[in-house]
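Have a look at the structure below, then the notes.
All heavy atoms count here, side chains included; hydrogens, waters and symmetry mates do not. Here is the naming used below: chain letters follow the sequence lines, and residue numbers restart at 1 for every chain.
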Amino acid sequence: MPPTFKLYDTMTRTVKPLETVEPGHLRFYCCGPTVYSHAHIGNFRTFVNADLVVRVAQALGWRVTYVSNITDVGHLTQDDAADAGGEDKMARALASKDGERFNSVWELAEHYEQGFRNDWNRLNLREPEVRPRATQHMREQILAVEELISQGRAYETPTGVYFSVDSFEDYGKLSGNRSRDDLKVAVREVVQDDNKRNPADFALWKKDDKHLMQWHSPWGWGFPGWHLECSCMARAYLGDTIDLHAGGEDLVFPHHECEIAQSESLTGKSFSNHWMHVRFLQVDGEKMAKSAGNFYTLRELVDVRGFDPLAVRYALLATPYGKPLNFTLTNLEAAERHVRRARSAAQRVSEALGKPFHQVEPGPTRWDRVYDEALEALCDDLNTSVALARFLEAIKDLTKEESWTPEEAVEAARLLRRFEDLLGLIGGERTSEEAAEPTEDAAWIEQKINERAEAKKAKNFARADAIRAELDAAGIELRDSPSGTEWVRRPQA
RNA sequence: GGCGCCAUGCCCAAGUGGUUAAGGGGACGGUCUGCAAAACCGUUAUGCGGCGGUUCGAAUCCGCCUGGCGCCUCCA
């Protein structure tokens, strides 16, 4: 009897079973990044948890249609009274110092999207079935605006087309921002426009024939509002009603509130039956944000400081998504140990097996209790703390084993395969090439290790220790074992 | 002001009414090692922010207080 998959639902503010419209088929939309700069690991906390939802659903035997978008137009910076036109984040990025190396905003978007996909892969995140871009769904968005106008829920002004918040009675049902007085203050990414009927009305289309990215529409040249793309792309790929919609906690209002208003106006149906929001990552007790400048990127942690990308994945999962996660390098170092131990155990199993453990089909093992408890914990609103504890328990058990018979190796590989499918913390499938990639100094390190082995054999321990110290200074740690000496690169915290 | 969230050992953190309060990091002791590292074994909260209350029984439920965080403004 498989466990019931339960998740906190922002709309009802309760933990409730994740139910699918079509039995056994999860239609899942997760709001993706705006590609105006490198995503930081706070962004990835959301995607790692979304990834876990996909993996748990698959572990339960569900089919999953996972859609996560790329926002490459329309996401505006904050309203600036001095700049009645507002400013597109993409355009601003291009105009900045960093943007000088790009020939166009399209190139900039392409560059950061590639960077994002690279990080995505290194974090061992499942690829969505569809990763739509806002700029490639202009037709849907324009048609949606026309429909909303014909319904009387949207209206045109000299600066754009707005959604009339007052026309949608349920506006505010997700965030709890229902008070009209409060909403008057809650104006965001909308131009200063005296022709607006209500200050809280939000833009569906902005007129701007000077904009770097513009399309022709019934209202002239311009570009769509940020909220519209998700409504249109979710509908295009997942249908009128989706099972689960996820994003960072900041998206509750106004982004998701606006999506609901648009989508439910367009279809007359419930937009999403379940809403999941991932809490922010913090640094030193304050939220990590690009605007605050206190952020880490995966590139920095991995390429500069030498951490394992899966250690970052581990660290992002160590605190359940519903709580703030105070990110520290100390915790990342702990995560690095766990990931290395897991990989080391997996390597030994694979060696005993004669092939990568991934190639064994997942199946029942004598460790079923541990795996089942991990899955059960994840089904309980993604209790990653418990799931990771079970994972470590399994890894410890494998590490203790001194040798493997072929039969035992198959069983151990099955266990690893199941845990890898569920948590993705061992890696090795996609990262094998880069892990095996020979570096210039690898040969030098091997030579030093051989020299040290010779010195040890000759009982010249001073010489052996000197070599070890030399390598240590270069950030290389040695690990002796009866079968020889291994080395690992130490992360620089 | 409106809407929410959180407070468990040196640190991260599970636990949401009932035997000895998971797990991890760190520290300390031990095994192994030429010595280390890695690995393994052991030790490390009579107490769960404070004060009341409900109950046979509360870290777990209720109230108040204190402290912290997020959204409402670009942010995942």
Side-chain angles (χ1 to χ4, degrees), chain A residues 8 10 13 30-34 36-37 39-50 75-80 86-87 89 92 172 174-179 181-183 185-189 200 226 246-255 257 277-282 285-292 295 314-315 318-328 330-338 340-341 344-345 373 377 380 383-393 396 399-400 402 456 459-462 464-465 468-469 472 477-482 485-488 490:
Chain A
Y8 182 83
T10 309
R13 303 195 197 289
C30 180
C31 282
T34 302
Y36 65 101
S37 72
H40 56 65
I41 58 170
N43 301 102
F44 280 107
R45 185 183 191 197
T46 297
F47 305 128
V48 167
N49 279 288
H75 195 157
L76 301 179
T77 61
Q78 83 189 95
D79 239 13
D80 184 348
E87 195 181 8
K89 289 177 94 80
R92 187 171 69 168
L174 180 69
S175 60
N177 288 337
R178 306 195 83 130
S179 158
D181 290 339
D182 295 330
L183 282 173
V185 191
V187 180
R188 185 170 168 190
E189 67 115 302
W226 172 43
E249 62 171 318
D250 58 318
L251 297 184
V252 175
F253 188 89
H255 187 54
E257 201 72 77
H277 292 98
V278 178
R279 292 219 52 177
F280 274 129
L281 197 65
Q282 303 184 347
E286 300 291 325
K287 88 172 161 177
M288 177 186 291
K290 288 179 191 170
S291 55
F295 60 90
Y314 189 109
T319 299
Y321 77 95
K323 287 187 165 191
L325 191 172
N326 196 9
F327 185 84
T328 62
T330 305
N331 287 343
L332 182 56
E333 281 163 12
E336 176 94 17
R337 294 173 73 91
H338 299 141
R340 282 191 173 169
R341 194 178 318 184
S344 166
E373 284 180 6
D380 182 17
N383 188 337
T384 46
S385 300
V386 169
L388 291 176
R390 295 297 167 274
F391 175 63
L392 293 185
E393 195 180 331
K396 189 175 203 171
T399 306
K400 275 152 86 167
E402 287 183 8
K456 281 173 71 177
K459 300 246 188 264
N460 184 352
F461 297 122
D465 288 350
R468 184 168 65 199
D472 187 71
E477 281 177 18
L478 299 185
R479 291 177 187 177
D480 292 337
S481 76
T485 299
E486 292 175 23
W487 60 274
V488 294
R490 177 159 26 85

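The base of B/G70 has none of its N or O atoms less than 3.5 Å from a complementary donor or acceptor on the side chain of A/Asp250. No donor-acceptor contact under 3.5 Å links the side chain of A/Asp480 to the base of B/A38.
Along RNA chain B, the nucleotide closest to A/Ala389 and the one closest to A/Ile41 are compared, and the more 5′ of them pairs with A/Ala389.
Pairing for B/C5 is with B/G68, a Watson-Crick or G-U wobble pair whose two hydrogen-bonding atom distances lie under 3.5 Å. In this entry B/A38 has no Watson-Crick or G-U wobble partner, no candidate having both defining distances under 3.5 Å. Pair assignment for B/G17 gives none, since no Watson-Crick or G-U wobble pairing has each distance under 3.5 Å. Using the Watson-Crick or G-U wobble rule with both distances under 3.5 Å, B/A27 pairs with B/U43. Taking a pair to require two hydrogen-bonding distances under 3.5 Å in either a Watson-Crick or a G-U wobble arrangement, B/G63 pairs with B/C51.
Rounded to a whole angstrom, the distance from the P atom of B/G47 to that of B/G68 is 26 Å. On the P atoms, B/C51 is 24 Å away from B/A13, given to the nearest whole Å. Look at the C1' atom in both B/G57 and B/U16: the space between them is 16 Å, to the nearest Å. Nucleotides B/G53 and B/G15 are separated by 24 Å at their C1' atoms, to the nearest Å. Using P as the reference atom, B/G50 and B/C11 are 15 Å apart when rounded to the nearest Å. To the nearest whole angstrom, the two P atoms, one in B/G4 and one in B/G63, are 14 Å apart. Across B/C72 and B/A76, the matching P atoms stand 12 Å from one another, rounded to whole Å. As rounded to the nearest Å, B/G67 and B/U73 have C1' atoms that lie 26 Å from one another.
Among the heavy atoms of the strands lying under 4.0 Å from A/Lys396 are primed sugar atoms or P, OP1, OP2 only; no base atom is included. A/Gly42 comes within contact range of at least one nucleobase, with a heavy-atom separation under 4.0 Å. Here A/Glu486 lies out of heavy-atom contact (under 4.0 Å) with every strand. Residue contacts for A/Glu286: at a heavy-atom cut-off of 4.0 Å it reaches the sugar-phosphate backbone alone, with no base atom in range. Among the heavy atoms of the strands lying under 4.0 Å from A/His40 is at least one base atom, whether or not backbone atoms are also near. A/Leu281 comes within 4.0 angstrom of a base, heavy atoms only. Looking at heavy-atom distances under 4.0 Å, A/Asp465 makes contact with a base. Among the protein residues, A/Thr328 comes within range of no part of the nucleic acid, since none of its heavy atoms lies under 4.0 Å from any strand. Using a 4.0 Å heavy-atom criterion, one finds that A/Leu478 contacts the bases of the nucleic acid, with or without backbone contacts as well.
Remark: A/Arg341 is not in phosphate contact with B/G24, judged by side-chain N or O atoms under 4.0 Å from OP1 or OP2. Distances shorter than 4.0 Å separate some side-chain N or O of A/Lys400 from OP1 or OP2 on B/C41.
B/C12 atom C1' lies 10 Å from atom OH of A/Tyr314, rounded to whole Å. Atom P of nucleotide B/A38 and atom CG of A/Asp472 are separated by 11 Å, given to the nearest angstrom. Straight-line distance from the CG atom of A/Leu332 to the P atom of B/G26: 13 Å, rounded to whole Å. A/His338 places its NE2 atom 8 Å from the P atom of B/G26, with the value rounded to the nearest Å. If you take CZ of A/Arg479 and P of B/A37, they are 12 Å apart, rounded to a whole angstrom. The interatomic distance linking A/Asn383 (CG) with B/U16 (C1') rounds to 12 Å, in whole Å. The distance from atom CG of A/Asn331 to atom C1' of B/C11 is 7 Å, rounded to the nearest whole Å. The separation between A/Gln282 atom CD and B/C6 atom P is 13 Å, rounded to whole Å.
The side chain of A/Thr319 has B/C12 as its nearest neighbour among B/G34, B/G24, B/C12. Among B/A13, B/G25, B/A36, the nucleotide with an atom closest to any side-chain atom of A/Arg468 is B/A36.
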Subject >> A/Met288 vs A/Phe280, side-chain contact (heavy atoms from CB on, under 4.5 Å): CA-CA, chis, key distance, verdict >> reply: CA-CA 7 Å; A/Met288 177 186 291; A/Phe280 274 129; over 6 Å; no

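In this structure the side chain of A/Arg490 reaches within 4.5 angstrom of the side chain of A/Asp472, judged on heavy atoms.
Note that the OG1 atom of A/Thr384 and the OH atom of A/Tyr314 stand 9.5 Å from one another [nearest 0.5 Å]. Note that CZ of A/Arg45 is 10.5 Å distant from OH of A/Tyr321, once rounded to the nearest 0.5 Å. Taking NZ from A/Lys323 and OG from A/Ser385, the interatomic distance works out to 7.5 Å, rounded to the nearest 0.5 Å.
The local environment of CD in A/Glu486 is sparse, with at most 12 non-hydrogen atoms from other residues, nucleotides or ligands closer than 6.0 Å.
A donor-acceptor contact shorter than 3.5 Å is absent between the side chain of A/Glu373 and the backbone of A/Arg390. No donor-acceptor pair under 3.5 Å is formed between the side chain of A/His338 and the backbone N or O of A/Arg341. In this structure, the side chain of A/Gln282 does not engage the main chain of A/Leu325 through any donor-acceptor pair within 3.5 Å.
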Got a list of protein N/O to nucleotides 3-5 of chain B N/O distances below 3.5 Å?
unit_1: B/C3; atom_1: O2'; unit_2: A/Ser175; atom_2: O; d: 3.0
unit_1: B/C5; atom_1: O2'; unit_2: A/Arg279; atom_2: NH1; d: 2.9

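Between A/Asp465 and A/Lys456 there is no salt bridge, since no side-chain nitrogen of the basic residue lies less than 4.0 Å from a carboxylate oxygen of the acidic one.
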